[in-house]
Amino acid sequence: MLGSRELFPALTAEPDLVYLDAASGTPCPEPVIAQLTAELRGPAANPGRGGHPWARDALRRVEDARAAVAAFLGASFPDEVAFTRGATGAMAFLADRWGPAALANGGDILYCSGDHLSTVRPWLRLAKRMRHQGVRAVAYRRDRLGRIDADDFARAASDRTAVVVVTDVHNLHGTRTDLAELAIPPEATVCLDCSQSAGRLPLRLAGSRAELAVVSGHKMFGPPGTGTVYVRRGQHHRIAVDRAAARSGPAHHVSPLTDAAEEGSLDGVGAVALASATAFVDGIGLDRVGGHLAGLAARFADGAARIGGVTLLGPPVEADCAHSGIAAFSLDGQAGADVAFALERGGVYVRAGDHCLEGARDDVVRASFHLYNDENDVDRLLRGLAAAAERT
Ligand SMILES: Cc1ncc(COP(=O)(O)O)c(C=O)c1O
């Protein structure tokens, strides 16, 4: 299955296309499409709204999905997981509904100025709203290779630090954060953005320092617009639940987290299909996926080093983070959009642009591999890059 596009109809429909933009969104595999279709063809009740068998059955399927996603993330309990609209929705939820109580007595929110805007913006907005209560946003940096600068982190951290926002795998550099290497103050709560790690690397949230986390479903083979938020039980008392709104959500109570995050009608179809995406990935095995991605990243780095003018942005491929399969590079004297367009004309789809980062360089291109990519895909990228380099 690894390196095969067989189970991905969007890819088999275009055999000459090389899709290298998984970090934006992964195509859906057959088992997820089958689950989505079955959900849409089956009883169409709103989960938990009403006591009739269709509504009860829809609710049971959502709760089964919750348990499956919780197990996939390594959570201790299903009620620590709620379904959201992507990671952006999940992060905004945490800042809006968990943040105010957690920061009621003031404190610093540590965030990385070089991280995805969806990760950073909700916390900056919160700090602004709560500045009169002594809340500040304090930035820490990444180094040239995209790794968190541990010294700068230590400078930013203090006994005022209340929340530490960290990205697990960076969306441009592909670097993975080792929380153990950061001087995180003991009282601080860690919020981990797992948008790029879920589906690429095993997650064990229960045993980690992170008590809050967000996940993007459409970057791990789930349907577009799906995602999850994780809040450990010990943090549930800080979630602002709107009792009246909670009553208009699922008719049964799971946890303060689900009461607050799943107000209104739930995308039960998306939740069940996201659970089938976790089964799909687990069926292949995340250790094998990581090994496969590391192999592709190493092949790319090796080939790119032989093309004059190509500079890789991330850390060396021997580093652990190569397992993320995300590689960023630039081509001397060429705008990223031009390089991406040249590759696109050769049937290789990559990502250029601002990469959802503040002040991103405009010459940087990202190739993100996933389990359906193979060595030929890497070689097509390298050939395209070599051709583009010749034109400079
Ligand atoms: C690190 C990171 N965080 C958050 C997001 C936003 O995710 P979503 O598309 O699920 O809202 C992305 C998307 O690219 C990302 O890479």
Side-chain angles (χ1 to χ4, degrees), residues 19-28 32 69 72-73 81-96 109 111-125 140 142 146-148 164-177 179 190-201 203 205 210 212-230 261 267 270-271 273-274 277-278 281 293 313-314 321 323-328 336 340 349-360 364-370:
Y19 183 71
L20 299 180
D21 198 16
S24 293
T26 42
C28 272
V32 175
V69 173
F72 182 75
L73 301 179
V81 166
F83 295 104
T84 60
R85 268 189 46 77
T88 305
M91 198 59 99
F93 167 80
L94 288 173
D96 290 347
I109 303 169
Y111 73 100
C112 181
S113 48
D115 280 4
H116 197 286
L117 290 170
S118 295
T119 320
V120 167
R121 294 298 302 168
W123 299 102
L124 293 185
R125 284 198 300 268
Y140 61 89
R142 289 180 180 271
R147 295 170 299 205
I148 292 178
V164 177
V165 184
V166 183
T167 297
D168 196 10
V169 167
H170 193 262
N171 61 302
L172 184 60
H173 301 279
T175 43
R176 188 164 210 199
T177 303
L179 291 175
V190 176
C191 171
L192 195 61
D193 184 337
C194 301
S195 302
Q196 298 296 354
S197 48
R200 294 174 178 276
L201 302 158
L203 293 175
L205 291 175
L212 315 174
V214 303
V215 168
S216 176
H218 45 259
K219 300 183 199 301
M220 48 162 283
F221 310 108
T226 54
T228 49
V229 59
Y230 163 83
D267 175 9
L274 180 56
T278 66
V281 175
L293 295 176
L313 261 71
C321 55
H323 292 69
S324 71
I326 298 175
Y349 289 5
V350 292
R351 169 91 186 258
D354 67 6
H355 300 283
C356 304
L357 303 171
E358 190 78 50
V364 177
V365 178
R366 178 186 69 193
S368 45
F369 307 103
H370 221 313

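Keep in mind it's a predicted model, so treat the numbers as computed, not measured. Positions are given from 1 along the sequence. First listed ligand is number 1; within each ligand, the first listed atom is number 1.
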May I ask you to identify the nearest protein heavy atom to [atom], giving residue, atom name and distance to one decimal place in Å?
atom                    : answer
atom 14 (O) of ligand 1 : K219 NZ, 2.8 Å
atom 1 (C) of ligand 1  : D193 OD2, 3.6 Å
atom 6 (C) of ligand 1  : T88 OG1, 3.4 Å
atom 15 (C) of ligand 1 : H116 CD2, 3.2 Å
atom 9 (O) of ligand 1  : H218 NE2, 2.9 Å

Worksheet item: With a 4.0 Å heavy-atom cut-off (strictly under), which part of A87 contacts ligand 1: side chain, backbone, both or neither?
Response: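 Both backbone and side chain.
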Item to complete: Just let me know how Q196 lines up against ligand 1, side chain, backbone, both or neither, with a heavy-atom cut-off below 4.0 Å.
Response: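 Just the side chain.
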Practice prompt. Please confirm whether the backbone N or O of C112 pairs with a side-chain atom of R142, one donor and one acceptor, at under 3.5 Å?
Written response: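 No, the answer is negative, given that no donor and acceptor are paired below the 3.5 Å cut-off.
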Item to complete: Say whether, by atom type as modelled, one donor and one acceptor occur between the side chain of K219 and the main chain of S24 under 3.5 angstrom.
Response: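 Answer holds: yes.
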Worksheet item: Going by distance alone, is a donor N or O of one side chain under 3.5 Å from an acceptor N or O of the other, for S216 and S195?
Response: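 No, S195 and S216 have no side-chain donor paired with an acceptor closer than 3.5 Å.
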Item to complete: Please step through side-chain contact (heavy atoms from CB on, under 4.5 Å) for the pair H170 and I148, ending with a clear verdict.
Response: CA-CA 10 Å; H170 193 262; I148 292 178; over 6 Å; no
Discussion item. I'd like to know whether ligand 1 has H170 as a neighbour, heavy-atom separation below 4.0 Å.
Written reply: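 Distance cut 4.0 Å: H170 fails for ligand 1.
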Worksheet item: Does R85 reach ligand 1, in the sense of a heavy atom lying below 4.0 Å from it?
Response: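 Under 4.0 Å: no for R85.
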Practice prompt. Check whether any side-chain heavy atom of D21 lies under 4.5 Å from a side-chain heavy atom of R366, and answer yes or no.
Written response: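 D21 vs R366: side chains touch.
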What are the atoms of ligand 1, with element, lying closer than 4.0 Å to any heavy atom of [X]?
X    : result
G86  : 10 (O)
T119 : 3 (N)
N171 : 16 (O)

Discussion item. So, using ring pair (Phe, Tyr, Trp, His ring centres under 6.0 Å) as the criterion, who are the partners of F221 when residues are at least two apart?
Written reply: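 For F221, the residues satisfying ring pair (Phe, Tyr, Trp, His ring centres under 6.0 Å) (neighbours in sequence not counted) are F8, F280, H370.
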Worksheet item: Can V215 and Y230 be said to form a side-chain contact (heavy atoms from CB on, under 4.5 Å), step by step?
Response: CA-CA 8 Å; V215 168; Y230 163 83; over 6 Å; no
Discussion item. T228: which residues meet the side chain to side chain donor-acceptor pair (under 3.5 Å) condition with it, sequence neighbours left out?
Written reply: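 So T228 forms no side chain to side chain donor-acceptor pair (under 3.5 Å) with any residue.
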